[in-house]
Amino acid sequence: MSKKKKITYDDTRDVAIRVIEELIKKGHLKDDDSHYFEIQDIIQDQINEEIGLDIDDNFDVNVC
């Protein structure tokens with residue numbers, strides 16, 4: 001039996017932030033907040049689209 005986990009919009013934002021931090025740490029992205037917030041939004045939007053999250057319709061989803 002698989003255990004379900006609830007993922008929220010805040011969770012996907014946190015993942016996007018961690019991706020940005022890792023890209024900066026590895027030198028793939030300059031630590032310059034004039035553009036990485038936009039990249040963070042793109043990452044979060046792609047994650048949310050894949051798992052079916054929409055802040056207006058459903059703030060959380062269950063995943064296995």
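In terms of heavy atoms, Asp11 sits closest to Ile7 at OD2-CA, 3.5 Å.
There is no side-chain donor-acceptor pair under 3.5 Å between Asp10 and Thr8.
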Please report, to 0.1 Å, the donor-acceptor pairs under 3.5 Å made by any side chain of residues 38-45, with sequence neighbours excluded.
residue : atom : partner : partner atom : Å
Gln44   : NE2  : Tyr9    : O            : 3.1
Gln44   : NE2  : Thr12   : OG1          : 3.2

Taking distance alone, no hydrogens or angles, what donor-acceptor pairs closer than 3.5 Å link side-chain atoms of residues 16-28 to residues at least two apart or in another chain?
residue : atom : partner : partner atom : Å
Glu22   : OE2  : Lys26   : NZ           : 3.4

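At least one side-chain heavy atom of His35 sits less than 4.5 Å from a side-chain heavy atom of Leu29.
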